[in-house]
Amino acid sequence: MKTNEPDLRVRLGPLELKNPVMTASGTFGYGEEYAPLVELNRLGAIVVKGLSLKPMAGNPPPRIVETPAGMLNAIGLANVGLEVFLKDKLPSLRRLDTKIIVNIYGHHMDEYGDLAAGLKGVEGVDALEVNISCPNVECGGMAFGIDPEISAKVTERILRSTDKPVIVKLSPNVTDIRAIARAVEGAGAHALSLINTLTGMAIDIESRRPKLANVSGGLSGPAIRPVALHMVYQVARTVKIPVIGIGGIMDYRDALEFFIAGATAVQVGTANFVNPRATLDILDGIKEFCRKKGIQDVKELIGSLKSDR
Ligand SMILES: Cc1cc2nc3c(=O)[nH]c(=O)nc-3n(C[C@H](O)[C@H](O)[C@H](O)COP(=O)(O)O)c2cc1C
């Protein structure tokens, strides 16, 4: 039977979302901060701020600077740590009628494993998203995510310690993102999300000081969208597992580009700072687009790019 309502459900391995619009880690706190403005239950999923085993204070300020068509951040993954997350943040998230995805990171292999183990069997955590863009203290501070073998090892370590679906979030600061994607898929990841921020910097010409106390930071927002879109396109053609598109998605048209390029779902980050209701506006826009075009199922759009190459 045909209805006017398009089917927006998508599947990320074992995880089914009621729609493909998620929040991006670090841009939506623990959800509660947005609750007065956003009907959280309408979201496909909430990805919470990056969580570490122990609380982290992050970098000294200034930690954020605006750039042309984007922003640089060097928050330094400040967060409350596992214990406080479980005690103070998760209980209210658990009551929501949306999927809760916990973004995790570590400074060495065992930290990732211990964190995954600490979340094992925990009710209300629907999946893990693994940030592999962090410096690896065992490898002189080189990010885990720039080496295929290390990326695969982190993935395996986490999969051994968890009963949750595992999404690995890829760094764009690499030579060929497809090599990392293949390695992580081979290690057993259920889905991939990309991209994390691109490394950049900005300088105050009067003081000749870096605008971020940390000198460099992560670039996000519309400035990175074409890079993100191309990487999603490349990776979606390389792996069989679902790909989540992230990077400069400001409105529903941007989101549609990512679906057509091959993304199964999208995450909205920097846009939340400009318009706190960006996620829901994007969701409504996708629904309306499907209705207008007679698209019964949003999955019809995934990888539907028409190209002669
Ligand atoms: C202020 C800020 C904090 C972020 N914190 C995290 C984080 O904790 N973990 C993570 O994996 N990504 C983090 N990110 C990256 C975003 O989740 C996203 O991958 C990136 O910003 C690109 O999407 P956007 O252009 O829509 O913002 C952060 C981004 C920003 C702007």
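As the structure is a prediction and not an experimental result, all values here were calculated from the model. In each ligand, atom 1 is the first atom listed, and ligand 1 is the first ligand listed.
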(message) Checking Ser193 against Gln267: is there a side-chain donor and acceptor pair closer than 3.5 Å?
(response)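 Absent: no donor and acceptor within the cut-off.
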
Heavy-atom distances under 4.0 Å decide this one: backbone, side chain, both or neither, for [X] against ligand 1?
X	result
Lys169	side chain
Asn103	side chain
Met71	side chain

(message) Minimum distance, heavy atoms only, to atom 15 (C) of ligand 1: which one of Thr23, Ile75, Asn196, Leu198 is it?
(response)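 Looking at heavy atoms only, the winner is Asn196.
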
(message) When you group the ILVMFWY residues by side-chain heavy-atom contacts below 4.5 Å and let the links chain together, are Val84 and Val102 in the same group?
(response)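 Yes; tracing contacts between hydrophobic side chains, which count when under 4.5 Å, links both residues.
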
(request) Would you kindly confirm whether Val274 and Ile224 end up in one hydrophobic cluster when ILVMFWY residues are joined by side chain heavy atoms under 4.5 Å apart? (result)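 As far as the 4.5 Å side-chain criterion goes, Ile224 and Val274 are not connected within one cluster.
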
Ligand 1 contacted by [X] (non-hydrogen, < 4.0 Å):
X	result
Arg225	no
Ile195	yes
Ala271	no

(message) If you measure every N or O of Gly248 against every N or O of ligand 1, does any of those distances drop under 3.5 Å?
(response)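 Yes, Gly248 has an N/O under 3.5 Å of an N/O on ligand 1.
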
(request) Decide, yes or no, whether a salt bridge links Glu288 with Arg291 under the criterion of side-chain N to carboxylate O below 4.0 Å. (result)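 Salt bridge present between Glu288 and Arg291.
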
(request) Hey, could you give me each pair passing side chain to side chain donor-acceptor pair (under 3.5 Å) that has a residue in residues 71-91? Not counting sequence neighbours. (result)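 As it turns out, the side chain to side chain donor-acceptor pair (under 3.5 Å) pairs with a partner in residues 71-91, which skip direct neighbours, are Glu32-Lys89, Ser52-Asn79, Asn79-Tyr105.
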
(message) Can you pull out every ring pair (Phe, Tyr, Trp, His ring centres under 6.0 Å) where at least one residue sits in residues 121-155? Sequence neighbours excluded, please.
(response)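 Output for this query lists Tyr112-Phe144.
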
